[in-house]
Engineer: 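Before I ask anything, here is the structure I am working with.
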2 protein chains.
Amino acid sequence: MKATIEDVARVAGVSTATVSRALRGLPSVTPETREKVSQAAASLDYVVSPTASRLASGKTSTIGVIAPFIDRWYFAKLVSGIERVSRSSGFDVLIYSLERLDERERLFQHRLVKERVDALLVCSLPPSMDEVRSLQQMNIPVAVIGAEVDECNSVRIDDVQSAKTATGHLINMGHTRIGLIAESPLQPLSFTAPRDRRDGFLLAHQEAGLNFDSSLEAYGSFTIESGERAMGELLSKAQPPTAVFCESDEMAFGAISAIHRHGLRIPDDISIVGFDDHDLSKFANLTTIAQPVQLLGETAAWILLEQLKEPTKPRTSTVMPTQLIVRNSTKRLGSDRAGAVIGAFGSI
Amino acid sequence: MKATIEDVARVAGVSTATVSRALRGLPSVTPETREKVSQAAASLDYVVSPTASRLASGKTSTIGVIAPFIDRWYFAKLVSGIERVSRSSGFDVLIYSLERLDERERLFQHRLVKERVDALLVCSLPPSMDEVRSLQQMNIPVAVIGAEVDECNSVRIDDVQSAKTATGHLINMGHTRIGLIAESPLQPLSFTAPRDRRDGFLLAHQEAGLNFDSSLEAYGSFTIESGERAMGELLSKAQPPTAVFCESDEMAFGAISAIHRHGLRIPDDISIVGFDDHDLSKFANLTTIAQPVQLLGETAAWILLEQLKEPTKPRTSTVMPTQLIVRNSTKRLGSDRAGAVIGAFGSI
DNA sequence: TCAATTTAAGCAAACGCTTGCAAAATTCAG
DNA sequence: CTGAATTTTGCAAGCGTTTGCTTAAATTGA
């Protein structure tokens, strides 16, 4: 029923070795032979068995993606970018949505992974040094997205600088009591981006000679709900902030919701700046830091593919630019706002 | 360096056949032997090579997911559900994000797919009869999510009924000029859900003895932007609708934005109902139809896994329940609204 | 024209597992 | 106890490629 390489060889009148080489475009094949083989393959509707090919060659033509929450905006975008460039290079992409680190460790160490993928893309949660070593031993290239890791390729943004810019924007607008909605330090997963963003936030204060009142820090977990809760806490303070920097747009959405629930208005009573430039942020009129998420994924995949083609390629560390997008969720402290906001998402 | 089944066999003092059977928990192995083998395997840090196993057995332990836009909320949630249950059964999941149908057809027909996956999950875009046949011939089970397809498993919601309920809600509130933001009939991909939702919308009118003014229909493409554009058109009519049903929450978000941009208020001037119950809808205070997206994915994966275990299992067609969630984006026509809306997302 | 190179093609041994069938060991019935 | 039935194990033939090595053919240089 299904044609094998032997069938092709027979029809083309050559050996299977030649078929294999011809079909893969290897150099040592005459144009005529190659043509003959192609014809034979086409006539038999032949397609190589990736499985057999994998066993024989040890290459899987697959790249693995490890990401914590693939249903979240950020990770979904990332995966989408990765998938696009991988597939266009003929690579399959295998998704590992691992929330628990022990699962990941198991995956890495038992070289389970070596049998399945040629290269690995790790999103946001940087691998430990042990894990990196383990991967190196198996000789599988790794790229980390959203974090910098020794001896790994990395593709990321400058979270410190970006957060500093965002906070600076608030400071420039005259705000001095600025709240921070950050990732909870209690949560078990050790993302580095939130930490960096917090650092940037503090740095902006420092450089402006401002003192950060640490009671103005509240914690969330990068979800809308948690952002709402955190903002609730901030609003219940004796002296609430006049502006808030949220480490993600989704938390910002929650914060906005809480603010309205408290009968306050944005940006009249409180300014908000987020981080990510979520698809909805434009419509929510949220001032934010835009990061090219899909592009991060595409770039990381591309780097890995290059490295597979040419194993001697040196590791790279790419930092992509971000951009402060000023919309209508922030205003100069004390200034009157000129009329009603046009183009706002909300106010249902 | 890495242990093979032969190493285990040697250490355990049995044949490779026995190791294979023991490790896979097949019945014809004594408990003692099994134990011996397990010990040996553990001591060698052995793990089977999926590749070799695939070649020998013809099973890939992988399920493929074909989805058009994996970075969209709906599909990301779906994939997340699929991934969870697949992985917990030891199956890998391979993502095919195919926007173009010809790519998909190629994938199906050249039995490329047979070599890669044991079963296939097709999201939203129902396969053609040719494609189904092709898959059947290769003997690979298929489940379709979000559409009903002959001779395939399907997991979906009742789009007609749900849309009818949503529209009915508007009608019950006294609205008679109801707009529809539907998927453009021009776009090349033939989703069935939008069509069904439109049917439900019309049906509700019909059953209420209402006439639908077809000039109140505008088109989008399930994105926020397109929803905004569509709503813009509706608002520019001489006599705009007093309520609008959007075929997705994301288009509803766009519509909301457009309405505010026009200086109108929701629900005072216009009522909006969406479809999906997007993560943000609760915060946007959007009345909508909730569908259990992640559960759809989980169920579909589960069905497929069952069918792989027991190939004689009959095909199933599952319809999951949806629910109208009334929030603050709809109100009775002509009634005064009691005070300001609490908990709204927007009004930045 | 002929040896020396270079290039193209073929041989056959992996790759690491699964599985049908046969053999051995065990259990059972009488 | 013994032969039959049953259970457990082993043998070895695949599964469909790739690739190192060898051989044959073509090209080159003198």
Side-chain angles (χ1 to χ4, degrees), chain A residues 1-38 40-41 44-62 90 110-112 114-116 118 138-139 308, chain B residues 1-38 40-41 44-62 90 110-112 114-116 118 138-139 308:
Chain A
M1 149 119 203
K2 68 180 162 187
T4 74
I5 198 173
E6 293 208 51
D7 300 325
V8 179
R10 194 172 318 117
V11 171
V14 298
S15 71
T16 64
T18 302
V19 174
S20 175
R21 293 193 261 257
L23 257 26
R24 279 178 304 150
L26 296 193
S28 67
V29 173
T30 346
E32 300 88 68
T33 312
R34 193 184 303 284
E35 180 56 25
K36 235 179 3 186
V37 171
S38 302
L44 291 172
D45 200 33
Y46 168 78
V47 32
V48 318
S49 157
T51 310
S53 163
R54 281 169 198 191
L55 182 57
S57 71
K59 325 256 169 165
T60 64
S61 288
T62 302
H110 279 57
R111 84 200 146 59
L112 256 176
K114 175 61 175 175
E115 296 283 349
R116 295 167 195 275
D118 288 342
M138 298 188 288
N139 196 30
L308 286 174
Chain B
M1 152 116 203
K2 67 179 163 187
T4 75
I5 199 172
E6 294 209 50
D7 300 323
V8 180
R10 197 173 317 117
V11 172
V14 299
S15 71
T16 63
T18 302
V19 173
S20 175
R21 294 193 262 256
L23 257 25
R24 280 179 303 151
L26 297 193
S28 70
V29 174
T30 343
E32 299 89 67
T33 312
R34 193 185 302 283
E35 179 58 23
K36 235 177 5 185
V37 171
S38 302
L44 289 172
D45 200 33
Y46 169 79
V47 32
V48 316
S49 157
T51 308
S53 161
R54 281 168 198 191
L55 183 56
S57 71
K59 325 256 169 165
T60 64
S61 287
T62 301
H110 279 56
R111 86 198 144 60
L112 256 176
K114 174 59 173 176
E115 297 283 348
R116 296 168 194 274
D118 288 342
M138 299 188 285
N139 197 29
L308 286 174

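Residue numbers start from 1 in every chain, and the chains themselves are labelled A, B, ... in the order their sequence lines are given, proteins ahead of strands.
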Engineer: Taking all non-hydrogen atoms of both residues into account, name the closest pair between B/D118 and B/G58 and its distance.
Structural biologist: OD1-O, 4.3 Å

Engineer: Do A/V48 and A/R24 have side chains that approach each other closer than 4.5 Å (heavy atoms only, starting at C-beta)?
Structural biologist: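 Contact flag for A/V48/A/R24 side chains = no.
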
Engineer: Could you work out, with side-chain hydrogen bond (donor to acceptor under 3.5 Å, both in side chains) as the rule, every residue matching A/S61, not counting sequence neighbours?
Structural biologist: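 A/S61 satisfies side-chain hydrogen bond (donor to acceptor under 3.5 Å, both in side chains) with no other residue.
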
Engineer: Do B/E115 and A/S49 get their side chains close enough for a donor-acceptor pair, meaning under 3.5 Å?
Structural biologist: yes

Engineer: Between the protein and nucleotides 13-16 of chain C, which nitrogen or oxygen pairs come in under 3.5 angstrom?
Structural biologist:
from	atom 1	to	atom 2	distance (Å)
C/dC15	O2	A/A56	N	3.4
C/dG16	N2	B/A52	O	3.4

Engineer: Decide yes or no for A/D7 and A/T4: does some side-chain heavy atom of the first lie under 4.5 Å from some side-chain heavy atom of the second?
Structural biologist: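 They are in contact (side-chain heavy atoms under 4.5 Å apart), so the answer is yes.
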
Engineer: Of all heavy-atom pairs between B/A40 and B/V11, which one has the smallest distance, and what is that distance?
Structural biologist: CB-CG1, 3.7 Å

Engineer: Enumerate the protein-to-nucleotides 6-9 of chain C contacts in which both atoms are nitrogen or oxygen and the separation is below 3.5 Å.
Structural biologist:
from	atom 1	to	atom 2	distance (Å)
C/dA8	O3'	A/T30	OG1	2.7
C/dA9	OP1	A/T30	OG1	2.6
C/dA9	OP1	A/T33	OG1	2.3
C/dA9	OP2	A/T30	N	3.0
C/dA9	OP2	A/T30	OG1	3.1

Engineer: Is the shortest heavy-atom distance from the side chain of A/V14 to the side chain of A/V19 under 4.5 Å?
Structural biologist: yes

Engineer: Is the backbone of B/T33 close enough, under 3.5 Å, to the side chain of B/T30 for a donor and an acceptor to pair up by distance?
Structural biologist: no

Engineer: Using modelled atom types only, decide if a donor and an acceptor are shared between the side chain of B/S57 and the backbone of B/K59 within a distance under 3.5 Å.
Structural biologist: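 Checking the backbone N and O of B/K59 against the side chain of B/S57, a donor-acceptor pair under 3.5 Å is found.
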
Engineer: Please report the closest heavy-atom contact between B/L26 and B/R34, naming both atoms and the distance.
Structural biologist: O-NH2, 2.9 Å

Engineer: Distance check, rounded to the nearest 0.5 Å: B/I5 atom CD1 versus B/R10 atom CZ?
Structural biologist: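 Reported to 0.5 Å precision, the distance equals 12.0 Å.
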
Engineer: Give me the bend of the helix from C/dT1-D/dA30 to C/dG30-D/dC1, using the axes of the five pairs at each end, rounded to 10°.
Structural biologist: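 The angle separating the two end axes equals 30°.
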
Engineer: Residues two or more places apart in sequence or in another chain: which of them pass side-chain hydrogen bond (donor to acceptor under 3.5 Å, both in side chains) with B/S53?
Structural biologist: none

Engineer: What are the 5'-most and 3'-most nucleotides of DNA chain D lying under 4.0 Å from any heavy atom of chain A?
Structural biologist: D/dG16 to D/dG20

